[in-house]
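Just so you know, these numbers use all the heavy atoms, side chains as well, and skip hydrogens, waters and symmetry mates. Counting convention: from 1, in listed order, for ligands and their atoms alike. For this chain, numbers begin at 1 and follow the sequence in order.
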Amino acid sequence: MRFFVSGAAGFVPSHLCDRILADGHTVVGADNFLTGHRRNVAHLEGHPTFTFHELDVCQPLPDLGAFDCVIHAASPASPKDYYAHPIATLDVGSIGSRNLLELARASNARYLVTSTSECYGDPLEHPQVETYWGNVNPVGPRSCYDESKRFAEAITMAYHRHYGLRTNIARIFNTYGPRMQLRDGRVVPAFLDQALSGQPITVFGDGSQTRSFCYVSDLVEGLYRLAQSDEVYPVNVGNPVELTMLEFAERIQRLTGTSSPIVFEPLPEDDPKRRKPDISKAKRVLDWEPQVSLEDGLRETIAYFQAVR
Ligand code: UDP
């Protein structure tokens with residue numbers, strides 16, 4: 001099969017390219033390097049079935065040929081990045097989605113969009129099930145990301161209903177692993193960077209807010225299976241093991257053996273208080289669930305950060 005992957009030089013999509021290539025398929029990757037990095041695809045240079053285009057999927061696309069599957073995975077994903085690039089974030093979920101849905105439609109390809117747990121906003125239901133409509137502030141600082149992804153889901157459903165396109169929607173929860181940017185502001189690289197360099201570990205708020213972290217190899221396996229399934233409605237992909245951010249900081253202290261103290265800083269506006277995926281649907285329709293423990297995943301991630309710092 002011939003796949004198109006947008007955002008290919010990003011953290012999650014670069015691993016997804018690896019997963020698809022490992023099955024012997026062809027991948028055409030694209031990235032505009034707004035938040036992606038060439039280093040993430042450097043190992044694929046010269047790969048016989050991988051080609052890469054530096055392009056912006058919000059612009060009219062060149063002739064890329066026909067595809068069997070189009071995966072729209074391009075977007076800033078770290079809060080720090082989408083606060084810095086709010087318009088580009090809205091564009092890639094809207095104009096980018098439109099362009100890539102047309103690309104899929106041109107060759108009657110399958111289409112998968114990587115959406116997000118941010119569609120649930122600061123959720124009033126816990127854990128989050130796909131049928132929950134969410135609690136999103138449409139004008140808050142996170143809205144550029146949340147509404148972009150919600151629009152991306154809406155236009156995907158419209159193409160499915162209107163044109164009969166075979167589509168999938170993955171709602172990705174917090175993910176970590178090698179190829180994350182050490183300074184992208186997200187909590188896993190932030191705490192690891194601080195612990196490894198002996199700086200204070202910055203817990204925002206009182207640290208009682210929760211997240212559930214999925215190792216990247218588990219996540220891309222879920223995405224890859226979803227891209228081959230007939231499930232049209234959103235599917236949560238994430239690890240349901242939930243931790244408070246204070247517990248997570250203490251876990252990082254123990255694992256790295258750092259002497260970094262924990263310090264408390266103000267909680268960002270609209271920071272979701274609790275987040276944990278209900279993955280019953282992924283288990284049922286994809287026969288998928290995470291395999292990598294937090295300890296093992298963090299060890300791999302620490303080794304990567306130690307190598308690249
Ligand atoms: N966080 C923190 N310290 C940091 C960075 C983040 O306590 O240095 C918290 C943040 O307030 C949030 C959680 O960690 O509650 C996850 O933040 P992240 O930016 O990784 O992603 P989010 O899940 O908010 O999109």
*Taking atom types as modelled and ignoring hydrogens, do the side chains of His43 and Asp18 form a donor-acceptor contact shorter than 3.5 angstrom?*
yes
*With Ile71, which of Phe3, Tyr224, Phe4, Tyr111 fulfils side chain to side chain contact (heavy atoms under 4.5 Å, CB included)?*
Phe3
*Going by the order shown, which atoms of ligand 1 are within less than 4.0 Å of some heavy atom of Gly185?*
5 (C)
_Would you compute the distance between atom NZ of Lys149 and atom CZ of Arg171 and round it to the nearest 0.5 angstrom?_
12.0 Å
*Please verify whether a non-hydrogen atom of Glu118 lies at under 4.0 Å from ligand 1.*
yes
*Considering the heavy atoms of Met245, write down every atom of ligand 1 situated less than 4.0 Å from one of them.*
13 (C), 14 (O)
_Atoms of ligand 1 close to Val203 [distance to a heavy atom under 4.0 angstrom, numbered from 1]_ = 7 (O)
*Go through the side-chain N and O atoms of Tyr176 and Asn239 and say whether any donor and acceptor fall under 3.5 Å apart.*
no
*ligand 1 atoms in contact with Arg142 (distance to a heavy atom under 4.0 Å)*: 22 (P), 24 (O), 25 (O)
*Between Asp271 and ligand 1, which part of the residue brings a heavy atom under 4.0 Å of the ligand: side chain, backbone, both or neither?*
side chain
_Identified salt bridge (Lys or Arg N to Asp or Glu O under 4.0 Å) counterpart of Glu231 within the set Arg166, Arg110, Arg225, Lys281_ = Lys281
*Asn174, portion touching ligand 1 at heavy-atom distance under 4.0 Å*: side chain
_Phe52 ring center near Phe33 ring center (under 6.0 Å)_ = yes
*Can you spot which of Arg274, Glu242, Glu247 makes a side chain to side chain donor-acceptor pair (under 3.5 Å) with Thr210?*
Glu242
*Give the atoms of ligand 1, by number and element, whose distance to some non-hydrogen atom of Pro79 is under 4.0 Å.*
19 (O), 25 (O)
_Give me the nearest non-hydrogen protein atom to atom 8 (O) of ligand 1 as residue plus atom name, then the distance to 0.1 Å._
Thr202 OG1, 3.0 Å
*Select one of side chain, backbone, both or neither to describe which atoms of Lys80 lie under 4.0 Å from any atom of ligand 1, heavy atoms only.*
neither
*Under 3.5 Å, N or O to N or O, is Ala190 touching ligand 1 that way?*
no
*Run the ring-centre check on Phe204 versus Phe264 and record whether the distance is less than 6.0 Å.*
no
_ligand 1 contact by Phe191, heavy-atom criterion under 4.0 angstrom_ = yes
_Applying a heavy-atom cut-off of 4.0 Å, say which part of Arg275 lies close to ligand 1: side chain, backbone, both or neither._
side chain
*Donor on one side chain, acceptor on other, Thr258 and Thr256, under 3.5 Å*: no
*Hey, which atoms in ligand 1 end up nearer than 4.0 Å to a heavy atom of Arg186?*
19 (O), 20 (O)
*Which of the listed options, Phe204, Phe213, Tyr82, holds the heavy atom that is closest to atom 1 (N) of ligand 1?*
Phe204
